[in-house]
Amino acid sequence: MQPCDTLLTADWIAPVEPGSKLIPDGAIAILSGRIAAIGATAELSKTWDPARRVDRPGHLMVPGFVNAHTHAAMSLLRGIAEDMPLERWLQEGVWPVEAEYVGPEMVRDGNRLAMLEMARGGVTCFNDMYFFPDVAAEVASAARMRASLGLPVIDFPTAWAATPDEYIAKGQAVRDSVISNPLITTQIAPHSTYTVSADALTRIRTLADQLDMPIHIHLQETQHEVDQGLSMHNKRPVDYLDALGIVNSNLLAAHMVAASSEDLELFASHHAKIVHCPSSNLKLASGFAPVAEMLRRGINVAIGTDGAASNNALDMIAETRLAGLVAKGRENDATVLPAATLLEMATINGAKALGIDDQTGSLVVGKWADVACVNLDRPHCMPVHDPVATMIYAANRTDVTDTWVAGVPVLDNRQFTTLDAERIHARTAEWANKLAR
């Protein structure tokens, strides 16, 4: 028998790739953080001798969820600006608070709270867009969470930087400092077309081309943003970015709610990617993204929660369920976004959007063992006729029992191993008092 570090077993495994076929009574052998074998438990038990065996009867194992668009540190701002449309939410609610409180301490504590919430819900990788990405990298690495960190650029000064030149220079320094970290990747993250100048966007495009880095940006989140773009530039924001050479396979656009058929055709032809954030879109009354049409055109669409200040949860199971329900209602077609497609959007599509699908996003031999385990042996999930559909439409994040990142159990039978939940709760209470004042 061959030695391995861990052997995971469950009633069902949904590898996502290749295809959507389930493995009943399945097992995963993990060696040096990667998947060494996947298949029937009876077969793997004969060939692998694990240092630790984890049996989860009644459970479904899936690739860890990839939260493809969030602002992790804003978990501390949950609930501060309720019942506002996007423009007021930013200008009256979020930006004034950030101007006073954002700093390394806030980003450190906010990220820890966010990672506690995400790991509890089966998230193994998150794509962040916020200030002090160096602090986020430090915290994610310590917690053994996988992160794709946006290097922020915005025209106005913040606690992180004062000018676009400083944002870009500091971002490059962060990229250089984490380039050898297997848990951390980076991308350039201009906030939006209405907060970043054409000169800065042109510099960003040049840098992204030189370094082959993704560009992560909020885009056409509302019809107001489209109207504003037409007024300012005589172009829709998508066309404005295209004129600057930014609409290409490195573009990752968050939201794309106000998307026309022409916008989507441009995205499809240039292989640009989209992150769908249905809860935030609905809560801010931004609208209903045409997700079914995006997928019909072959666009890679991932799922993101957005930040806890606008969602208000970092819950990928709930977000994925809502994506399916909203699409069915918008299209008046119950067949769109079947459960298998939704699982792809929450896993491998997110990894593709971040350019790390060769490393994670599906349960394939050679990839990192990033795995979520969901207990379906619960009254609200029984009987289980279709495990993937049951997880998406009946289960919730409290049914997640285990979350492994690169073979490390971040959540082990509902117990955190890399995050101090008690300390995080105490620090969050301190922030609640500070923000209330």
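The first residue of the sequence shown is numbered 1, and numbering continues consecutively from there.
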If you look only at distance, which donor and acceptor atoms sit under 3.5 Å apart when one is on a side chain in residues 282-295 and the other is two or more places apart or in another chain?
| from | atom 1 | to | atom 2 | distance (Å) |
| --- | --- | --- | --- | --- |
| Lys283 | NZ | Glu82 | OE1 | 2.4 |
| Lys283 | NZ | Asn312 | OD1 | 3.2 |
| Glu293 | OE2 | Ser261 | OG | 3.1 |
| Glu293 | OE2 | Arg297 | NE | 3.0 |
| Glu293 | OE2 | Arg297 | NH2 | 3.0 |

Aromatic ring pairing His191/His218, orientation class (parallel under 30°, perpendicular over 60°, tilted between): tilted
Partner of Thr401 by side chain to side chain contact (heavy atoms under 4.5 Å, CB included), out of Asn375, Val54, Val374: Asn375
Mutual orientation of the aromatic rings belonging to Tyr101 and Trp431 [parallel < 30°, tilted 30-60°, perpendicular > 60°]: perpendicular
Within 6.0 angstrom of Glu422 CD, more than 12 heavy atoms from elsewhere: no
Determine all donor-acceptor pairs shorter than 3.5 Å in which one atom belongs to a side chain in residues 22-37; sequence neighbours excluded.
| from | atom 1 | to | atom 2 | distance (Å) |
| --- | --- | --- | --- | --- |
| Arg34 | NH1 | Gln359 | OE1 | 3.1 |
| Arg34 | NH1 | Gly366 | O | 2.9 |
| Arg34 | NH2 | Gln359 | OE1 | 3.1 |

Any donor-acceptor N/O pair, Lys273 side chain to Val301 backbone, under 3.5 Å: no
salt_bridge(Arg78, Glu117) N-O dist < 4.0 Å: yes
Donor-acceptor under 3.5 Å (Gln220 side chain, Val257 main chain): no
Salt-bridge present (Arg427, Glu430; N to O < 4.0 Å): yes
Exceeds 12 heavy-atom contacts within 6.0 angstrom, atom CG of Asn433: yes
Pair Leu376-His59, side chain to side chain contact (heavy atoms under 4.5 Å, CB included): steps then yes or no: CA-CA 5 Å; Leu376 302 184; His59 288 57; over 6 Å; no
